[in-house]
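No hydrogens, no waters, no symmetry mates; every other heavy atom, side chains included, goes into these values. Because the structure is predicted, anything quoted here is derived from the model rather than measured.
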Amino acid sequence: MVIVVGGRILFSFESYYDILYKKLKEYDLTLIEEEDVKYSSKFQYFYELLEIDTNIIIRIKSELGINTEKYFLMNSMKFYLACEEFKVVKNKDYIKAAIYFTVLGCVLDKMIDEGNDKAKSRALEKLSWSYCKDYFIDFKDEKEDSVIDYLFQYLGKVLKMMKKENFSLYENIVYFIERAIDSEVYVALSLKNDNFILSKYKMNNTNFSEHIENLLITDKSILFVVIAFELALFNDKNLDKHLKAIYRIANIFRLIDDLCDISEDYFRKQKNSIFELDNIDFDILSNNLVKKKTKKTSPSYKIDNQYDRYNLIENYFDAPIDKFIDEINLLKSELGSIFFNFVNYEIRDWTMSCKYIRERYYRGI
């Protein structure tokens, strides 16, 4: 993919993905096939241990056309291992709530990003807080005969149990869910000046607008992960001590997701935290490249120009890519090897969902 103006190639996403792939490969963050086989063979054990209802996977496929089998399998193992990592008494209902919440987030996100207008509209309707609070605060039965409402109702049932057990933690989770929903809707609609959402935080002041906008953009990725861990680890007596590692995991997932989605988000004009928080300005980048191309050229300069182009792109994206690598290195010191290795496996799996990374991997670059 390229950005072209007036017949000139201003920016090549191919160059960007070459840089990203090189970094991922340098730190062993692309697919390791032996590891993939090892983990895949274990997923079923945790899935069955937690007694996940297979009919949910079938219903999601039938009603929404989305295959979620791997989401269920991988997250069954992840949240079970998280309980072991943080030495938390395992509660099947709480772990299943974490899995179902994660799957719901993935499904609704997919409907918004990749679905037709009807699917997008349906997802946004389900994500309105007035719709969700009926389940998460009022604990109502299914409002519609749909798999999304079934999962909402299950989450509501577990949240009701949690409310009785630890009201303050329940209240915090529900507050985070509302913020996460706001962020998902905000990013989906790309509303730069949504005063209604900003005013919900009582900070609708020009001095705070940029801060809150950035918070909404990062909440979309980070809070969904944090909420899921808080659901699975609801019995954790030392949750405050473990939140640092949990937030770091969430930030790592935010970074790899947005690094991999750079081109899609650019052409969809959808907000991406790398654009917004790391000051990646394609207008400036493109103008720099145009300026270089308008200079008088010679055979020797053409080679220099290609080199300059690559290095200019590399300089722009060094900071977010390096931040991603630094976060992984810090996480290694905060987790035991079993859970850290699993998180690393999930990162590798995530990178392979990006077609540009996948193409380079299979070309053996």
Side-chain angles (χ1 to χ4, degrees), residues 1-3 9 11-43 57 60-61 64-75 77-78 102-103 105-115 220-221 224-225 249-268 270 272-275 278 280 282 309-310 313-314 316-318 320-325 327-328 340-365:
M1 284 185 175
V2 295
I3 301 172
I9 296 176
F11 175 79
S12 167
F13 282 109
E14 294 295 321
S15 297
Y16 161 71
Y17 283 109
D18 283 343
I19 292 162
L20 179 59
Y21 179 76
K22 182 177 72 174
K23 279 281 190 179
L24 292 172
K25 190 170 182 180
E26 179 183 347
Y27 288 93
D28 290 327
L29 291 170
T30 55
L31 178 67
I32 299 175
E33 292 182 12
E34 302 82 4
E35 185 183 67
D36 189 53
V37 171
K38 180 186 78 173
Y39 280 114
S40 297
S41 67
K42 295 179 179 179
F43 287 157
I57 299 173
I60 293 174
K61 180 67 174 175
L64 306 173
I66 301 172
N67 185 358
T68 55
E69 183 177 14
K70 190 167 185 180
Y71 298 161
F72 279 97
L73 291 168
M74 183 180 289
N75 284 290
M77 185 171 180
K78 176 170 71 182
T102 302
V103 172
C106 293
V107 166
L108 291 166
D109 193 59
K110 205 171 184 66
M111 289 171 70
I112 290 169
D113 287 350
E114 301 175 19
K220 177 183 181 292
S221 302
F224 276 99
V225 177
I249 292 169
N251 195 40
I252 287 168
F253 288 164
R254 169 188 74 85
L255 286 164
I256 191 58
D257 184 40
D258 284 348
L259 284 166
C260 286
D261 287 351
I262 284 281
S263 61
E264 282 79 1
D265 288 344
Y266 175 83
F267 285 105
R268 284 198 303 246
Q270 185 159 309
N272 180 305
S273 67
I274 305 300
F275 301 155
D278 291 284
I280 303 298
F282 281 102
R309 174 187 294 275
Y310 187 88
I313 296 169
E314 189 169 31
Y316 265 80
F317 289 100
D318 260 350
I321 295 174
D322 287 346
K323 185 190 299 180
F324 166 66
I325 300 299
E327 286 284 85
I328 294 174
F340 174 77
N341 288 338
F342 182 84
V343 172
N344 250 13
Y345 163 73
E346 188 167 0
I347 294 166
R348 293 187 187 99
D349 185 75
W350 209 313
T351 65
M352 291 301 287
S353 68
C354 173
K355 69 176 184 178
Y356 303 101
I357 300 300
R358 198 165 56 247
E359 286 170 359
R360 283 157 178 75
Y361 175 84
Y362 286 116
R363 289 206 309 262
I365 295 177

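Between Y361 and T351, the side chains place no donor N or O within less than 3.5 Å of an acceptor N or O (distance only, hydrogens not considered).
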- May I have the step-by-step check of side-chain contact (heavy atoms from CB on, under 4.5 Å) for K70 and D349, ending in yes or no? CA-CA 11 Å; K70 190 167 185 180; D349 185 75; 2.5 Å; yes
- Might you work through the side-chain contact (heavy atoms from CB on, under 4.5 Å) test for Y362 and M352, ending with a clear yes or no? CA-CA 10 Å; Y362 286 116; M352 291 301 287; 3.8 Å; yes
- Under the salt bridge (Lys or Arg N to Asp or Glu O under 4.0 Å) criterion, do R348 and E33 qualify, and how do the steps go? CA-CA 10 Å; R348 293 187 187 99; E33 292 182 12; over 6 Å; no
- Message: Determine whether V225 and R254 satisfy the following criterion, side-chain contact (heavy atoms from CB on, under 4.5 Å), listing intermediate values before the conclusion.
- Response: CA-CA 9 Å; V225 177; R254 169 188 74 85; over 6 Å; no
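Residues Y345 and K78 have side chains not in contact (no heavy-atom distance under 4.5 Å, counting atoms from C-beta outward). Two residues are said to be in side-chain contact when any heavy atoms from C-beta on lie closer than 4.5 Å; N344 and Y27 fail this criterion. I256 is listed as a side-chain neighbour of L24, based on a closest heavy-atom distance under 4.5 Å. Considering only heavy atoms from C-beta on, I60 comes within 4.5 Å of F72 through its side chain. When side chains are defined from C-beta on, Y71 does not count as touching T102, because their heavy atoms never get closer than 4.5 Å. Residues E264 and N272 form no side-chain contact, since every pair of their non-hydrogen atoms from C-beta on lies 4.5 Å or further apart.
Under the 4.0 Å criterion applied to side-chain N and carboxylate O atoms, K220 and D109 are assigned as salt-bridge partners.
With rounding to the nearest 0.5 angstrom, the OH atom of Y39 is 6.0 Å from the CE atom of M77. Annotation: the span from L255 atom CG to I321 atom CD1 amounts to 10.5 Å, rounded to 0.5 Å. We find the OH-CD distance between Y21 and E359 to be 11.5 Å, quoted to the nearest 0.5 Å. The structure places CG of D257 at 12.0 Å from CD1 of I347, a figure rounded to the nearest 0.5 Å. Put simply, CD1 on I328 and CD1 on I252 are 5.0 Å apart, with the number rounded to the nearest 0.5 Å. Interatomic distance, CG of L64 versus NZ of K110, reported as 12.0 Å (0.5 Å rounding).
A donor-acceptor distance shorter than 3.5 angstrom exists from the side chain of S41 to the backbone of K38, with no hydrogens or angles considered. At distances below 3.5 Å, at least one donor-acceptor pair connects side-chain atoms of D258 with backbone N or O atoms of S273. A donor-acceptor pair under 3.5 Å links the side-chain atoms of Y16 to the main chain of L259, judged by distance alone.
The minimum heavy-atom distance between C354 and C260, with the atom names listed, is SG-O, 3.6 Å. Of all heavy-atom pairs between S263 and Y356, the closest is OG-CE1, 3.4 Å.
Ring geometry for F342 against F43 counts as perpendicular: the plane angle is over 60°, on a 0 to 90° scale with 30° as the lower cut.
Each of L29, D18, D322 was compared with K23 under the side-chain contact (heavy atoms from CB on, under 4.5 Å) criterion, and only D322 meets it.
Judged as a ring-ring contact (aromatic ring centres under 6.0 Å, His included), and not counting sequence neighbours, F324 has no contacts.
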